[in-house]
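In what follows, a structure is listed as structure tokens, so that the remarks can point back to it.
Lettering of chains follows the sequences in order, A, B, ..., and the numbering in each one begins at 1.
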Amino acid sequence: MVSDYSGNKAGFKGLDKEKIARIIAESSTAKWKAHIRESEEKLEARVCELKKEIAMLSDGQVRKAENDMDELIAELEGERIMDNVFVHIDMDAFYAAVEMRDDPKLRSVPMAVGDTSMLCTSNYHARKFGVRSGMPGYIALKLCPQLKMVGVNFTKYRKASKEVQEVFDEYDENLAMGSLDEAYMNITNHVRSRDGPRTFDRIRYKGDCVCRFPLVSENDPIGNTVPSEASEECSKCKKTRIAVSDQLTFGRSDGDIVNEIRFRVEQKTGLTCSAGIAANWMLAKICSDLNKPNGQYLLERDYATITNFVQELEVRKVSGIGPATEGTLKGIGIKKCRDFIKQRGILRLTFSAISYNWFMRVGLGIGNGACMVNEKQRQKNISNETSFSPTKDPETCMEILRRLCKELAETIKSNQIVGGKTLSLTLRKSTFERMTRSKQNVYLISTSNQMFNIASQLLFKELEDGRNEFRLFGVGLSKLQFSDEDNKPVNAATTTMLDTYFKQGRIENNLNQPETYYDGEISITKIENRQTKERVEVVSNENVTKPKVTDKKHNKPIIRGAMDRFVQKDMPIKCAGVRNQTSLDSFVTTLNKRKSEPELIIIIDDDKDEVEGLTISTSKKAKLC
DNA sequence: GGGCAGGCCATAA
DNA sequence: TTCCATTATGGCCTGCCC
Ligand SMILES: Cc1cn([C@H]2C[C@H](O)[C@@H](COP(=O)(O)OP(=O)(O)OP(=O)(O)O)O2)c(=O)[nH]c1=O
Ligand SMILES: [Mg+2]
């Protein structure tokens with residue numbers, strides 16, 4: 001039943017659930033529905049297997065498992081902590097809120113961030129129509145024809161995220177950002193060291209101009225000073241804006257402090273957020289959703305309250321339990337968290353140790369003693385992917401792949417990543433079926449050409465018989481090497497050289513790990529083919545990739561001197577890199593004095609994407625001299 | 001038996 | 001007419017090589 005399609009009249013309650021489900025079902029394409037059905041069937045099959053497995057279990061087995069589980073529970077109880085104040089903060093309708101703040105026209109209408117193919121999120125007005133994150137825009141438009149869609153502006157979201165993080169930092173310097181819009185904090189130290197209430201200036205705005213946030217609202221708490229008003233003309237809309245200034249004081253209780261954090265976030269960014277406060281992050285995260293938007297929920301940190309809370313908690317509310325796990329658990333009678341404890345025997349006998357351990361932690365309301373976000377570790381993968389209208393044309397596919405590789409090469413640079421050892425290609429067929437093909441390289445993959453070399457080989461195999469039609473490609477790197485990590489087994493210049501060298505067909509696959517030695521700025525890398533025993537030695541200098549570094553005295557690129565020193569040592573070289581034609585000429589002159597010359601000299605031109613490889617013959621050498 | 005490479009799946013925002 | 005995204009993390013499985 002629909003009370004009002006416009007969504008603007010008073011008393012509008014939105015579309016009802018059945019209507020929403022019907023419209024979504026009617027709007028979905030056949031291919032998508034088939035894809036969904038397939039995953040549902042897979043899940044059903046898994047549940048079926050699981051049930052069979054359980055039916056085979058004897059009472060004795062289950063009882064024994066329950067006893068073992070009780071021991072585990074006792075152990076976990078010992079780990080329970082309730083004296084720390086954990087907080088999870090999550091921005092309200094984050095991307096949408098940023099867009100609404102920056103464009104008043106979007107504030108009073110149902111709107112979403114994304115495009116016709118996919119929405120990242122929607123504002124609360126649009127949510128009444130069933131429009132939400134992860135919904136295709138064209139379906140959202142059927143649910144809500146007047147929906148206003150805005151494209152994504154990641155730069156703005158990153159800026160806002162950084163601003164709120166600065167506030168959080170003051171309450172927990174070890175905070176962990178779970179994403180752009182959420183933070184995990186432990187404010188115990190702040191609570192303990194806080195000696196009393198804190199007072200902050202508050203500025204709100206009213207008047208004809210609505211450009212600046214936050215606006216004065218009836219729901220705002222009363223300030224503890226008489227508000228003073230100052231009138232000014234808005235430079236953007238030219239209307240009058242009245243800044244209302246007063247002060248607000250926050251006490252020292254957990255709830256007061258979190259209110260203070262949320263207040264400061266809104267003052268600083270014009271954005272609201274919601275918070276959960278509890279004995280651990282698992283519970284805090286669940287609680288941050290309970291009073292959304294612009295609210296908070298404090299779950300008392302005592303055993304009875306926590307146990308009680310967990311009894312009725314649906315498993316799906318727990319972060320980490322998604323549709324598949326929910327479905328599986330439902331199949332064995334687990335819907336609420338208390339069922340974890342009830343079914344502990346079966347869980348122990350049918351799930352992995354990691355899983356049942358975690359299920360018990362959830363059932364007891366203990367959570368992961370640690371943080372759910374692993375802040376300490378460095379990024380492990382970097383990737384990009386793109387969807388397109390389905391095609392099987394190799395030319396088109398390769399073109400898309402090349403573009404992805406180029407973009408990835410740029411992205412890693414701006415992330416201080418030199419390269420990665422493993423490249424993975426993600427493919428999605430027109431049926432939405434996903435596959436990945438990956439290859440670990442013996443040396444670092446850094447440039448777009450190196451990426452494309454490997455990725456195109458992987459893709460070629462899947463394109464061969466023309467049976468596959470694709471709708472998405474992705475390229476990613478893992479086993480990353482960051483530029484500030486000094487322990488570089490093979491530097492960027494060397495990998496470029498190796499890549500160019502091997503492209504000439506001297507050595508196929510089956511390479512052993514390269515060994516690299518350093519001598520000052522020079523690196524000597526040896527790499528051997530396991531089968532043919534052919535050895536390649538590569539000399540390179542970090543400065544090859546850093547043209548700014550020059551020998552001040554002689555005003556020459558340092559590589560010259562470095563190479564000379566190297567050559568004097570009379571080491572055999574098969575492959576060498578120089579940075580420009582001048583370097584090459586003088587290097588060849590030096591090499592002429594030597595018995596063994598490189599088979600290949602590679603000119604690395606920082607301005608060029610392609611790398612030029614020169615095979616040096618005696619005659620050519622003469623010419624180059 | 002362990003460790004690694006390559007693949008799939010689940011999850012989250 | 002468009003016709004279900006993108007980026008990242010972690011578990012688990014299989015096959016292979018020690
Ligand atoms: C769930 C989801 C979020 N996002 C983005 C857009 C969201 O604004 C942002 C934060 O996600 P969420 O916090 O899940 O959602 P939200 O902040 O928009 O709304 P809520 O008030 O319920 O917290 O992450 C995606 O890009 N894809 C997704 O599937
Ligand atoms: Mg949010």
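- At the phosphate of C:dT7, neither OP1 nor OP2 sits under 4.0 Å from any side-chain N or O atom of A:Asn384.
- The separation between A:Arg434 atom CZ and C:dT7 atom C1' is 10 Å, rounded to whole Å.
- For the atom pair CG of A:Leu404 and CD of A:Glu399, the computed distance is 11.5 Å after rounding to the nearest 0.5 Å.
- A sub-4.0 Å separation between OP1 or OP2 of B:dC8 and a side-chain N or O of A:Arg437 is present.
- Atom name P, nucleotides C:dC4 and B:dA13: the rounded distance is 24 Å, in whole Å.
- Going from atom CG of A:Leu477 over to atom P of C:dA8 covers 11 Å, rounded to whole Å.
- Distance from the side chain of A:Pro136 is smallest for C:dC4 among the nucleotides C:dT2, C:dC4, C:dA8.
- Considering only side-chain N and O atoms, A:Lys42 lies under 4.0 angstrom from the phosphate OP1 or OP2 of B:dC9.
- Taking 4.0 angstrom as the limit, A:Lys285 places a side-chain polar atom (N or O) nearer than this to OP1 or OP2 of B:dA13.
- Dashed line: the shortest gap from a side-chain N or O of A:Arg428 to OP1 or OP2 of C:dC4 is not under 4.0 Å.
- Checked against A:Ile286 for a side chain to side chain contact (heavy atoms under 4.5 Å, CB included), the options A:Val318, A:Val310, A:Leu299 give a single hit: A:Val318.
- Put simply, A:Arg471 has a side-chain N or O that comes within less than 4.0 Å of OP1 or OP2 on C:dA5.
- One can place NZ of A:Lys380 at 19 Å from P of B:dT11, the figure rounded to the nearest angstrom.
- Side chain A:Ser28 to base C:dC4: a donor-acceptor pair is found below 3.5 Å.
- In this structure, A:Arg344 is not positioned above the aromatic face of A:Phe359 in the sense of NZ or CZ being under 6.0 Å from the six-membered ring centre and within 45° of the axis.
- Residue A:Met135 is out of contact with every strand shown, counting any heavy-atom pair closer than 4.0 Å.
- Listed nucleotides B:dA13, C:dT9, C:dA8 differ in distance to A:Ser383; the shortest reach to its side chain belongs to C:dA8.
- Rounding to the nearest 0.5 angstrom, the gap separating the CG atom in A:Leu459 from the CZ atom in A:Arg437 is 10.5 Å.
- Residue whose closest nucleotide on DNA chain B sits further toward the 5' end, between A:His88 and A:Gln440: A:Gln440.
- Counting non-hydrogen atoms under 4.0 angstrom, A:Ile382 reaches the backbone sugars and phosphates but no base.
- Rounding to whole angstrom units, CD1 of residue A:Ile412 and P of C:dA8 are separated by 12 Å.
- Taking 4.0 angstrom as the limit, A:Lys439 places none of its side-chain polar atoms (N or O) nearer than this to OP1 or OP2 of B:dA5.
- A:Tyr356 has its ring centre no less than 6.0 Å from the ring centre of A:Phe351.
- Cation-pi geometry between A:Arg158 and A:Phe154 is not met at under 6.0 angstrom from the ring centre and within 45 degrees of the axis.
- The shortest distance between the side-chain N/O atoms of A:Thr422 and the OP1/OP2 oxygens of B:dA5 is not below 4.0 Å.
- The six-membered or imidazole ring of A:Phe473 lies near that of A:Phe470, with a centre-to-centre distance under 6.0 Å.
- Checking the phosphate oxygens (OP1, OP2) of C:dC4, no side-chain nitrogen or oxygen of A:Ser117 falls inside 4.0 Å.
- Remark: the A:Asn294 side chain and the A:Arg262 side chain contain an N/O donor-acceptor pair separated by less than 3.5 Å.
- Note on A:Thr121: nothing from the nucleic acid sits closer than 4.0 angstrom, heavy atoms only.
- Under 4.0 angstrom from either OP1 or OP2 of B:dT11 there lies at least one side-chain N or O belonging to A:Thr325.
- In this structure, the nucleotide among B:dA5, B:dA13, B:dC8 sitting nearest to the side chain of A:Lys479 is B:dA5.
- The CZ atom of A:Phe154 sits 10 Å away from the C1' atom of B:dA13 (whole-angstrom rounding).
- Between the C1' atom of C:dC3 and the CD1 atom of A:Ile139 lies a distance of 9 Å, rounded to the nearest Å.
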Paired and unpaired positions of DNA chain C as dot-bracket, Watson-Crick or G-U wobble under 3.5 Å, | denoting a partner strand
.....|||||||||||||
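- Donor-acceptor pairing under 3.5 Å is recorded for the side chains of A:Asp115 and A:Ser117.
- Note on A:Leu180: nothing from the nucleic acid sits closer than 4.0 angstrom, heavy atoms only.
- The A:Ile354 side chain lies nearest to C:dC12 when the options are C:dC12, B:dA13, C:dA5.
- Between C:dT2, C:dC4, B:dG6, one nucleotide has an atom nearer to the side chain of A:Ser438 than all others, and that is B:dG6.
- Closest to the side chain of A:Phe432, from the set C:dT6, C:dG10, C:dC4, is C:dC4.
- Annotation: cation-pi geometry satisfied between A:Arg402 and A:Phe452 (NZ/CZ under 6.0 angstrom from ring centroid, within 45° of ring axis).
- Within the structure, every side-chain polar atom (N or O) of A:Gln379 is placed at least 4.0 Å from both OP1 and OP2 of C:dT9.
- Within 4.0 Å of A:Ser387, counting heavy atoms only, lie sugar-phosphate atoms of the nucleic acid but no base atom.
- For the pair A:Leu119 CG and B:dA13 C1', the interatomic distance rounds to 15 Å; values are reported in whole Å.
- Taking atom CG on A:Leu427 and atom C1' on B:dG7, their separation rounds to 12 Å, with Å as the unit.
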